[in-house]
K.L.:
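Just dropping this structure here.
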Amino acid sequence: MTTSEVPGAPVRLLLADDHPVVRAGLRAVLDTEEDFVVVAEAATAERAVELAAAEEIDVVLMDLQFGPGRMHGCEATAAITARPGAPRVLVLTTYDTDADILAAVEAGASGYLLKDAPPQELSGAVRTAAAGQSALAPAVAHRLMDRMRTPAQALTRRELEVLQLVGDGLSNLQISKELFLSQATVKSHLVHIYAKLGVDSRTSAVAAATARRLIRR
């Protein structure tokens, strides 16, 4: 049983972000809530995984990007939530693309919030996640609902991964190595991407996806 399930017990939090200023700001906001206690901070995703296993944590506030060569926040989320009795993970990030949202949700995140959320929305999301419920920012929930309404036009997670790498400037060969796919499979994904976006080139696909906030640029 986590401490959040004990009546009157505070919600124990772990802050995972590579920017000290961000962690300090979050702590300042969360410390104003009597039912919250920040018990640990992590500057890397790897450290967050370690602390989530070692400490009594109810909710992890997880960033997605921790710098080049570092574990991604989604990887850390999957590692944390895979354990029995694991804490809830609330992703708190600046990225609101379909690629990031789907990856986080599939990794096991209980919620997804943007860093520009007002303090009361952040506090509410933490309490919701601690209670074992889904805590999605309104804009994020809207994007997921749009995907459900038009499933035939929505890019799959794999298609979004391919398109993100195209946007990052990788060739088909580089993408195939990055995702452990054959070049033929990469080309097949691109054909489906072009059809869904109504475009006929890599450049126009990236432009359309960026405009629709499907991928990061």
Side-chain angles (χ1 to χ4, degrees), residues 14 16-18 42 44-46 48-50 52-53 57-67 70-115 117 125-126 128-168 170 175-181 185-186 188-190 192-193 196-197 205 209-210 212-217:
L14 165 60
D17 195 291
D18 59 336
T44 67
E46 293 89 343
V49 173
E50 294 173 359
I57 305 294
D58 298 309
V59 178
V60 180
L61 275 68
M62 178 71 70
D63 192 13
L64 289 183
Q65 301 290 339
F66 286 84
R70 290 291 187 180
M71 176 186 281
H72 191 273
C74 286
E75 294 179 74
T77 297
I80 290 171
T81 58
R83 293 188 306 104
R88 307 290 179 176
V89 177
L90 174 62
V91 169
L92 186 61
T93 183
T94 57
Y95 303 110
D96 65 345
T97 67
D98 282 20
D100 290 308
I101 296 167
L102 288 179
V105 171
E106 290 187 12
S110 295
Y112 197 106
L113 207 62
L114 302 180
K115 286 183 177 178
V126 169
T128 298
Q133 300 173 0
S134 177
L136 298 174
V140 172
H142 180 72
R143 294 182 69 79
L144 291 177
M145 287 299 295
D146 282 345
R147 289 182 59 86
M148 293 176 64
R149 292 190 187 100
T150 57
Q153 299 173 12
L155 299 185
T156 66
R157 181 184 173 187
R158 179 62 86 184
E159 289 167 351
L160 288 167
E161 288 176 332
V162 170
L163 190 50
Q164 181 65 67
L165 293 175
V166 171
D168 291 340
L170 274 65
I175 293 172
S176 69
K177 291 180 178 179
E178 179 75 17
L179 299 179
F180 303 101
L181 303 172
T185 300
V186 172
S188 177
H189 282 311
L190 288 173
H192 294 150
I193 290 168
K196 289 180 179 181
L197 296 180
T210 302
R212 299 183 194 181
R213 297 165 80 176
L214 302 179
I215 62 172
R216 285 176 273 109
R217 285 306 305 272

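For the single chain, residues carry numbers from 1 onward in sequence order.
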K.L.:
What's the separation between atom CG in Leu64 and atom CZ in Arg216, rounded to the nearest 0.5 Å?
P.N.:
8.0 Å
K.L.:
Nearest 0.5 Å, please: how far is CG in Leu92 from CG in Leu113?
P.N.:
5.5 Å
K.L.:
Looking only at heavy atoms, what is the nearest atom pair of Ile57 and Ala52, with distance?
P.N.:
CG1-CA, 4.4 Å
K.L.:
Please assess Leu163 against Leu155 for the test side chain to side chain contact (heavy atoms under 4.5 Å, CB included), listing each intermediate value before the final yes or no.
P.N.:
CA-CA 9 Å; Leu163 190 50; Leu155 299 185; 3.8 Å; yes
K.L.:
Is there a side chain to side chain contact (heavy atoms under 4.5 Å, CB included) between His189 and Leu181 once you walk through the steps?
P.N.:
CA-CA 11 Å; His189 282 311; Leu181 303 172; 4.2 Å; yes
K.L.:
For Glu178 and Leu165, run side chain to side chain contact (heavy atoms under 4.5 Å, CB included): C-alpha distance rounded to whole Å, both residues' side-chain angles, the deciding distance at 0.1 Å, then the answer.
P.N.:
CA-CA 9 Å; Glu178 179 75 17; Leu165 293 175; 3.7 Å; yes
K.L.:
Can you see which heavy atom on Phe66 is nearest to which on Arg70, and at what distance?
P.N.:
O-CG, 3.3 Å
K.L.:
If every non-hydrogen atom of Ala125 is compared with every non-hydrogen atom of Ala135, which pair is closest and at what distance?
P.N.:
O-CB, 3.6 Å
K.L.:
For residues 74-86, pull every pair meeting side chain to side chain donor-acceptor pair (under 3.5 Å), keeping only residues two or more places apart or in separate chains.
P.N.:
none
K.L.:
Could you walk me through whether Asp63 and Thr93 pass the side chain to side chain contact (heavy atoms under 4.5 Å, CB included) check?
P.N.:
CA-CA 5 Å; Asp63 192 13; Thr93 183; 3.8 Å; yes
K.L.:
Report the distance from atom CG of Leu197 to atom CG of Leu214, rounding to the nearest 0.5 Å.
P.N.:
6.5 Å
K.L.:
Where is the tightest heavy-atom contact between Tyr112 and Tyr95, given as atom of each residue plus distance?
P.N.:
OH-O, 2.6 Å
K.L.:
Among pairs that include at least one residue of residues 103-114, which meet salt bridge (Lys or Arg N to Asp or Glu O under 4.0 Å), considering only residues two or more places apart or in two chains?
P.N.:
Glu106-Arg157
K.L.:
Measure the spacing between OG1 of Thr156 and CD1 of Ile193 and express it to the nearest 0.5 Å.
P.N.:
7.5 Å
K.L.:
Supply the atom-to-atom distance Leu136 CG to Met145 CE, rounded to the nearest 0.5 angstrom.
P.N.:
11.0 Å
K.L.:
If every non-hydrogen atom of Met71 is compared with every non-hydrogen atom of Glu46, which pair is closest and at what distance?
P.N.:
N-OE2, 3.0 Å
K.L.:
Taking C-beta and beyond as the side chain, do Asp96 and Asp100 meet within less than 4.5 Å on heavy atoms?
P.N.:
no
K.L.:
Measuring only between side-chain heavy atoms, which start at C-beta, is Val162 closer than 4.5 Å to His192?
P.N.:
no
K.L.:
Considering non-hydrogen atoms only, spot the tightest contact between Ala48 and Ala42 and give its length.
P.N.:
N-CB, 3.6 Å
K.L.:
Are there over 12 heavy-atom neighbours, none belonging to Lys177, within less than 6.0 Å of that residue's NZ?
P.N.:
no
K.L.:
Just verifying a value: how many Å separate Thr210 OG1 and Gln164 CD, rounded to the nearest 0.5 Å?
P.N.:
8.0 Å
K.L.:
Does the side chain of Thr185 reach to within under 4.5 Å of the side chain of Ser176, using non-hydrogen atoms?
P.N.:
no
